[in-house]
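Every chain is numbered from 1, with letters handed out A, B, ... down the list of sequences. The structure presented is a predicted model; accordingly, all values stated were derived computationally and were not measured.
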Amino acid sequence: MNLYQPYLMRIEEAVDETPDTRTFKLVFQDPKVAESFDFQAGQFGEYSAFGEGESTFCIASSPTRKGYIECSFKEAGKVTGALRKLGVGDTIGFRGPYGNRFPVGQMEGHDVVFIAGGIGLAPVRCVIWNVLDQREKFGDVTIVYGARSVGDLVYKRELEGWAKRSDVKLWQAVEPGGEAPDWKGEIGLVPAIVEKAAPRSADAFAVVCGPPIMIKLTLPVLEKLGFSEERVFTTLENRMKCGLGKCGRCNIGPVYVCKDGPVFSAKELKALPQEL
Amino acid sequence: MKELRQIAAKLLTDGAVKVVIGWEEGPRGARAAFVTRPEDAERLIFDARCVQNLATYLSPRRRHVVGLGKAAVVAKPCDAKAIAGLIRESQVKREDVVILGVRCGGVVREPTMPASLTAETVADRCGICETREPTLYDHLIGEPQPEPPRVTRREEQIAALMQKTPQERFAFWSQQLERCIRCHACREVCPMCFCEQCVADKTRPVWIESSSHPRANFAWQMTRVMHQAGRCVDCGECERACPVGIPLNLLTRYTAQSVEKRFGHKPSDDPSIAAPIGTFRSDDSQEFIR
Amino acid sequence: MSTRILTKADLAGLVADLLSAGTRVVAPARVDNPQVAAYRPIASFDEARLDGPLPPRSPKEFFLPPTEVLLRWQKKKDGIELQEVATEHPKQVILGARPCDVAAVEILDKVMGWDYRDELWFGRREATTIVSLACRGVDKSCFCTAVGSGPDAQKGADILLVPSDGDAYLAQILTPKGQALVEAHAQRFGEASGAEAAKSFREAATRKVASNLPIEATKLSGWLADNYEHELWKRLAMRCHGCGACAAVCPTCHCFDIVDEPEGIDRGVRRRNWDTCQAGKFTVHASGHNPRGTQNERFRQRVLHKFSIYPKRFGELLCTGCGRCARACPAGMDLPEILGQIAKLAGAGVPTGGTK
C-alpha cells in the first residue's frame with residue numbers, strides 16, 4: 001500500500017452540530033486496521049470524499065476511547081461540502097494519524113485550561129476527554145469556549161455534561177448579539193472571558209484553539225495571567241495536502257506544520273514567522 | 001531616453017505618482033523596473049528589447065504593485081491597448097494612471113536579443129503591427145520610429161493550419177497541448193486576465209480539471225482563448241511565458257482574426273470603444289441575442 | 001570506483017543494446033524546434049543531442065511526473081473499492097543529463113524519504129540508472145559552482161561521462177548501479193585513457209561557471225532565517241507575476257497538489273499534480289484567509305525554502321544552480337542576481353557580475 005492510499009472507514013454516526021458543522025463517528029472497515037490503529041491527542045488525518053478529494057482535520061475523539069475515531073468539520077469548500085452530504089453507512093477514506101501531539105503526559109498533576117473558539121473546540125475536545133477519562137491524574141480543569149452565536153456552539157450535549165460536572169469549570173460565551181433569550185452564559189469575546197475566568201496559572205497548562213485572530217489575542221492574556229509560554233499549546237490549521245512532509249504546502253519558516261506540528265507551544269509559535 | 005527619465009523624475013519629485021513602471025537593463029536583457037525615487041529614474045531605458053507588456057502590473061490582482069500607490073507606466077502602442085482594455089472593463093480608472101506613451105518601431109522576440117531588429121529577430125506580432133505610436137497617453141515620448149521588418153510567418157502558419165482538415169488540426173494541437181503542465185503561467189502574465197478568481201480555479205463545481213491531461217488541457221486553453229476573444233491585445237506574453245513552448249499566440253491570434261471578421265473589432269487603445277463581448281446592442285448581428 | 005573509456009560509437013551501441021533489451025532511454029533530444037532540446041525517451045542514439053542546448057525543462061518529470069495517478073476508486077453496492085497503483089516501474093536509463101539536473105534527484109531523495117518513504121518516487125529511482133555528462137557551462141545564468149556543486153559534479157549520478165580525447169568520454173563509475181550497467185555491457189567500455197583531456201575539460205568548465213557568481217550560497221541560510229522581515233523582501237518581487245514558470249522548469253521544485261477527478265458516474269482517480277508556492281491559491285484556507293497574500297511574500301518563501309529551510313532540515317540546498325528559473329522567467333526575475341544581493345548583505349562572498 002503506498003503512502004497516499006487511504007484506509008476505508010464506515011460512518012457509524014453522523015451528528016449535525018450546527019447548520020454547517022457535522023461530526024462523524026468512523027470505524028475502520030478492515031478489522032485488522034481497527035485493532036492496530038492507535039493515535040495521540042492532537043494528531044490529524046486526511047479524510048476523503050471519493051470523487052471530491054481530501055481534507056485535513058484533527059481527530060476529535062480521545063485516544064482513550066478505542067475502536068473508533070470522530071471528526072468534526074465545517075462546510076467550507078469542495079471536500080467538506082461533499083463530506084457533509086454523506087451519512088450513516090457511507091464510506092470515506094482516511095489517512096493518518098499524522099503530526100505531533102499535545103503533551104498530555106506532561107500535564108498530569110497540573111491544572112489544565114482549555115480555550116476554544118467555534119469549530120476550534122474539535123481538537124481541544126480530544127484533549128479534554130483524554131484528561132477527563134483519567135480525571136484523577138490532573139489538577140483543576142477549566143474550559144473556556146466561545147462561538148459567534150448560540151447556534152454556532154458545537155458539541156452542545158457535551159457542553160451540558162461538562163457544565164454539570166463539579167470537577168470541571170466551564171465558561172461558555174457568545175459574541176454580543178449572538179445570544180438567545182434564555183442564554184445563561186457569558187457575552188463577549190474569548191480573550192476577554194479568559195481574562196475574567198482568570199484561571200490559576202502556577203504550573204498550569206493551557207490548550208488554545210480557534211480562529212487565528214482569537215489565538216493571537218488570547219496568548220497575551222495568558223501571558224498576563226502568568227502562564228508559561230512553554231506550557232501554552234495550540235494547533236495550527238495550515239492548508240495541507242499530503243500530511244507527510246512532502247508536498248510543501250504547510251511550510252512556515254523552518255517548520256513543516258504537518259510533521260513538526262500541528263501542535264506548537266506559544267514559545268515555538270513566537271519564533272515562527274508571522275505567516276498564520 | 002533622456003526625455004523619459006526627466007518626465008519620470010519630475011512625476012516622482014512632484015508627488016504626482018508614487019512609482020514609475022518602465023523598463024531597465026537586467027542580467028538577461030530589458031525587464032520591468034519599478035522606480036520610486038526620482039534619482040532612480042536614470043535606470044529607465046527604452047529600446048527594441050523592451051518586450052514585456054507592463055500593463056499587466058496595473059491589474060488590481062497585482063496587490064504588491066497596487067500597494068505602492070498611484071503609478072505612471074511606460075506604454076508601447078500595444079501596452080496602451082491593454083491599459084485601454086483595463087479601463088474599458090472597469091479594472092483601472094483613467095485618472096488613476098499616468099501613461100507615458102512611447103513611439104515604437106517593434107520589439108525583438110526575446111529581451112535577451114540585440115536591440116537591432118531583423119526579419120529573424122522581430123517579434124511575430126510586430127511584423128504585422130501598423131501602430132507606431134499610442135493615442136492613449138499623458139506624455140508621448142521619443143522620435144518617430146521606422147516600420148519594423150515586415151514578417152508574416154505567424155499569419156502564414158495560421159493560414160496553413162486552417163487549410164488542414166479538422167482531424168489534422170486536432171492532431172497538431174493534441175501534440176502541442178500534450179506538453180502543457182497546467183502551470184497557468186499564460187494566465188498570470190496576461191494583462192487582460194484580471195479575474196479575481198479564474199474559472200479554472202473554481203472548485204464548486206470544478207469547471208476545468210487542474211491535472212495535465214488532454215481533456216483538461218484542451219478545456220483550459222479553449223476557455224482561456226474564448227475569454228480573451230475581443231480582449232487580447234496580441235502582446236504575446238502568454239506564449240513567451242509558457243515554460244513548455246506551446247505556440248499559444250496561434251490560438252489568440254486566430255481568435256482575434258475571427259473577432260475582427262465577425263464583429264469588426266480590432267484591439268484599440270481607445271477605452272471608449274465598446275468591447276465586443278460584454279456589450280449588448282439591440283441591433284446585434286446575431287439573431288439569438290437580440 | 002573505477003574509470004573506463006566510452007567512445008561515441010560504443011555509446012551509440014550501448015543505447016542500441018539497452019533499447020533492444022526493452023530499457024527506456026531518456027536523453028536530451030531533438031524536438032520540432034531546432035533551437036531547443038528536451039529530455040525525452042529516444043528510439044535511437046541519433047535522436048540524442050548530448051552536446052546540444054540545455055533542455056528548458058529538467059528531467060525531474062521522469063521521477064515526479066507533472067501528473068500521476070495515486071489511486072483509483074469505484075463505487076460498489078456495498079461501499080467503495082480502491083485500486084492501488086503500481087510502485088514498481090520498468091527499467092530506465094537517463095543518459096547525458098547535466099550534472100545540475102542529476103544532483104537535484106539526490107537532493108530530493110531527502111524530502112521524499114524522511115520518515116515516510118514515498119514509494120512512487122523511490123520506485124522510479126530504483127528503476128533508473130543515471131549516466132550524466134559533464135557540462136561545459138551554458139551561459140551567464142549558470143551558477144552551479146555558487147551552490148557548492150560544479151559542471152562536473154558527481155552527485156546523483158551512477159556514471160559520470162566527461163568529454164575526453166576525440167570522440168570519447170571518460171566514464172567514472174560511481175555506484176554499484178553504475179558498475180552493474182558497465183558489467184552488463186562490458187564490451188562497450190574500454191580501458192581508461194585520455195584523463196588529461198578530461199581534466200582540462202572539467203577545469204575550463206568550472207572556471208567559466210565560477211566567474212558568473214563568485215559567492216557561497218551555502219552560507220546564506222543563517223542570514224535568510226534571521227532577516228525574514230528585511231526591507232529587501234518588500235521590493236524584490238515587484239516584477240514577479242507569480243506565474244510559476246520558474247518552479248515548472250526547476251529540477252528541485254517538488255511541491256504538489258492532490259486532486260480527485262471523476263472517470264465516470266461511479267468511479268474516479270486521485271492524482272498528484274505539480275504545484276507551486278508562487279501561485280496565490282497555494283496557501284489559501286477554505287475560509288478564504290491567505291497567510292501568504294502577496295507576491296513579495298510568496299517569492300520570499302521560494303528563496304527561503306531553497307536556501308534556508310531545506311538546508312536547515314536536510315543539510316543541503318534545494319538548488320543546483322542550473323539557472324533555468326532565470327532563463328524561463330518572462331519578467332526578468334533573476335535568481336543568481338538576487339543571490340548576489342543577498343550574499344552582499346550576508347557577507348558571503350562578493351558578487352562581481354555586472355548586475356545591481
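A side-chain donor-acceptor contact under 3.5 Å links Asn290(C) and Thr283(C). A donor-acceptor contact closer than 3.5 angstrom is absent between the side chains of Gln228(B) and Arg231(B). Donor-acceptor pairing under 3.5 Å is recorded for the side chains of Thr252(C) and Lys306(C).
Across Arg324(C), Lys281(C), Arg327(C), the residue that shares the most heavy-atom pairs under 4.5 angstrom with chain B is Arg327(C). Looking only at heavy-atom pairs under 4.5 Å with chain C, the residue among Ala241(B), Pro243(B), Ala32(B), Ser211(B) that has the most is Ser211(B). For chain C, the option among His184(B), Arg215(B), Arg63(B), Arg182(B) with the highest count of heavy-atom pairs below 4.5 Å is Arg215(B). Interface remark: of the candidates Glu237(B), Arg240(B), Arg28(B), Arg28(B) forms the most heavy-atom pairs closer than 4.5 Å to chain C. Interface summary for chain B: among Lys140(C), Gln278(C), Gln295(C), the most heavy-atom pairs under 4.5 angstrom belong to Gln295(C).
Listed by chain and residue number, Phe170(B) satisfy the ring pair (Phe, Tyr, Trp, His ring centres under 6.0 Å) test with Phe218(B) (two or more places apart in sequence, or in another chain). Scanning for side chain to side chain contact (heavy atoms under 4.5 Å, CB included) contacts around Met1(B) gives Arg5(B), Ile45(B), with sequence neighbours left out.
Taking the centre and axis of the six-membered ring of Phe256(C), the NZ or CZ atom of Arg272(C) falls inside the cone set by 45° and 6.0 Å. Geometric assessment of Arg300(C) against the ring of Tyr228(C) yields a positive cation-pi assignment under the 6.0 Å and 45° thresholds.
Using a cut-off of 4.0 Å between Lys/Arg side-chain N and Asp/Glu carboxylate O, Arg271(C) and Glu263(C) are scored as salt-bridged. Here Glu68(C) does not pair with Arg270(C) in a salt bridge; the nearest charged N to carboxylate O distance is not below 4.0 Å. With respect to Glu25(B) and Arg43(B), no salt bridge is recorded, no charged nitrogen being found less than 4.0 Å from a carboxylate O. Electrostatic pairing of Asp79(B) and Lys76(B) counts as a salt bridge here, judged by a charged N lying under 4.0 Å from a carboxylate O.
The contact between Gln176(B) and chain C is made entirely by side chain atoms (from C-beta outward), counting heavy-atom distances below 4.5 Å. Contact annotation for Pro336(C): neither backbone nor side-chain heavy atoms come within less than 4.5 Å of a heavy atom of chain B. Neither the backbone nor the side chain of Asp275(C) comes within less than 4.5 Å of any heavy atom of chain B. Heavy atoms closer than 4.5 Å to chain B are found in both the backbone and the side chain of Thr67(C).
At a heavy-atom cut-off of under 4.5 Å, chain B is reached by Ala237(C), Met238(C), Arg239(C), Cys240(C), His241(C), Gly242(C), Cys243(C), Ala245(C), Ala248(C) from residues 232-248 of chain C, listed in order of number. At a heavy-atom cut-off of under 4.5 Å, chain C is reached by Gln52(B), Thr56(B), Tyr57(B), Arg62(B) from residues 46-62 of chain B, listed in order of number.
With hydrogens and angles disregarded, no donor-acceptor distance shorter than 3.5 Å links the side chain of Thr203(B) to the backbone of Val206(B).
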Practice item. Starting from the C-alpha separation in whole Å, work towards a yes-or-no answer on side chain to side chain contact (heavy atoms under 4.5 Å, CB included) for Thr276(C) and Phe282(C). Key: CA-CA 7 Å; Thr276(C) 170; Phe282(C) 189 68; 5.9 Å; no

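Under the side chain to side chain donor-acceptor pair (under 3.5 Å) rule, Asp124(B) has a single partner from Arg154(B), Arg153(B), Arg109(B), which is Arg153(B).
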